[in-house]
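Quick caveat, the model's predicted, so the values are computed rather than measured. Just the heavy atoms: all of them, side chains too, but no hydrogens, waters or symmetry mates, feed the values below.
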Amino acid sequence: MSQLTFTVWGKKIPGISYVLPMFFFLCMAMSVTSFATEMAWPMVALPEDVRVFDAGENVSFNGIPVRMQAFVSDRSPDQLAQWFHQKMGEPLMDDRIGKKRVLGRLQGDTYITVQFEAEGKGSHGLVAVTQTSAISLNQKKNEELNQHWLTKMPPGSRLLQQVLSKDGKRYSTHLTFTNTYSVGVNRDAVLRALKNEGYQLEEGQSTKGSEFASGSQQALYFNGKNKQAIALIKHAETGSSVVILNLVSVLENVQ
């Protein structure tokens with residue numbers, strides 16, 4: 001399988017670039033567990049002609065354990081919808097969100113979502129399996145993680161998204177914040193926060209002013225012992241700012 005990455009401001013970052021459909025928007029308001037516990041994840045059947053890409057097998061989306069696969073197919077969205085209707089069984093949610101066709105079904109302790117849309121003469125899509133039984137577990141632990149990072153950001157900041165993933169010894173944390181402060185105020189907060197977490201700014205980077213001519217956005221790169229981080233800060237004309245932190249660490253004692 002191929003490992004997917006996403007690009008922000010010209011830099012490839014390990015992680016997820018998909019906007020998850022209906023079920024995940026409802027879950028974003030909940031604080032729940034981090035990584036998936038040992039359980040029997042259902043296998044989601046896919047047409048034989050699709051090409052599958054790994055989009056995250058040990059992922060926590062706002063604390064909810066999720067496993068995802070991306071795929072591309074030569075079939076049209078209508079042909080895919082007909083195939084999945086035959087294979088996924090009933091009852092089956094079938095909805096449209098923008099250009100995406102979204103199918104969903106509760107199966108035991110998991111919720112299966114398949115979303116896809118047209119691409120060229122075929123389609124591309126995403127299969128997500130969510131462990132619904134974990135939604136009410138370890139809520140305190142997840143809230144503590146969120147508060148840990150919120151207290152490091154400027155007052156009044158909101159955490160929009162938390163994504164945790166594990167790949168062998170490699171652990172990734174992806175956090176998205178929003179507030180109304182300038183790039184400079186957010187940059188100073190990020191520098192303090194990551195310094196306290198044991199990160200150092202990569203040599204040659206300026207901590208004064210933006211790397212971009214417009215002064216409305218900045219990217220910072222950090223290193224630490226067995227870990228790296230990227231901070232992306234953007235201020236919009238509307239007055240709001242977005243701060244994205246992508247933290248990657250390698251634990252040597254993990255088997």
Side-chain angles (χ1 to χ4, degrees), residues 1-8 12-28 30 32-73 75 77 80-81 83-84 87-88 92-119 122-135 137 142 160-168 170-176 244 246-248:
M1 290 186 181
S2 302
Q3 178 66 44
L4 293 182
T5 60
F6 65 96
T7 302
V8 180
K12 287 189 175 180
I13 304 171
I16 302 165
S17 62
Y18 298 99
V19 177
L20 302 183
M22 257 176 177
F23 182 76
F24 300 100
F25 289 123
L26 296 175
C27 294
M28 284 181 70
M30 305 177 184
V32 285
T33 59
S34 52
F35 290 104
T37 55
E38 292 298 324
M39 63 163 286
W41 292 84
M43 296 296 294
V44 180
L46 294 171
E48 293 182 358
D49 64 293
V50 304
R51 297 176 294 284
V52 179
F53 304 86
D54 178 19
E57 293 189 356
N58 291 284
V59 176
S60 169
F61 183 81
N62 287 347
I64 302 169
V66 182
R67 287 192 173 183
M68 296 180 289
Q69 285 184 314
F71 65 87
V72 293
S73 172
R75 305 188 188 206
L80 282 175
W83 191 93
F84 281 114
K87 296 295 183 179
M88 291 181 70
L92 182 67
M93 179 201 77
D94 189 340
D95 203 353
R96 295 181 186 272
I97 301 178
K99 296 180 180 181
K100 293 181 175 63
R101 186 79 172 263
V102 181
L103 308 178
R105 183 173 186 268
L106 186 66
Q107 182 172 320
D109 289 335
T110 62
Y111 191 87
I112 300 171
T113 305
V114 182
Q115 69 173 49
F116 45 88
E117 63 182 298
E119 182 177 89
S123 306
H124 72 269
L126 179 73
V127 177
V129 181
T130 306
Q131 187 181 341
T132 59
S133 59
I135 290 178
L137 300 176
N142 198 66
L160 297 181
Q161 179 176 288
Q162 173 213 91
V163 179
L164 309 178
S165 63
K166 175 180 176 292
D167 182 11
R170 181 187 179 98
Y171 286 78
S172 298
T173 302
H174 182 87
L175 304 167
T176 304
I244 300 173
N246 200 68
L247 316 171
V248 180

Just verifying a value: how many Å separate M93 CE and T113 OG1, rounded to the nearest 0.5 Å? 6.0 Å
Can you sort out the partners of [X] under side-chain contact (heavy atoms from CB on, under 4.5 Å), two or more places apart, ordered by chain and number?
X	answer
E119	V72, H124
R105	M88, L92, Q107
T173	L164, L175, L247

For S73 and D49, test the side chains for any donor-to-acceptor distance below 3.5 angstrom and give the result as yes or no. yes
Shortest non-hydrogen contact from [X] toward [Y]:
X	Y	result
A45	W83	O-CZ3, 3.5 Å
G122	P77	O-CD, 4.3 Å
S172	V248	OG-CG2, 3.7 Å

How are the rings of F71 and F116 set relative to one another: parallel (under 30°), tilted (30 to 60°) or perpendicular (over 60°)? tilted
Apply side-chain hydrogen bond (donor to acceptor under 3.5 Å, both in side chains) to S123 and list each qualifying residue two or more places apart in sequence or on a separate chain. none
Q69 side chain near L46 side chain, heavy-atom distance below 4.5 Å: yes
Kindly write out the residues that satisfy salt bridge (charged side-chain N to carboxylate O under 4.0 Å, His left out) with R101, not counting sequence neighbours, or none if the list is empty. D78, D94
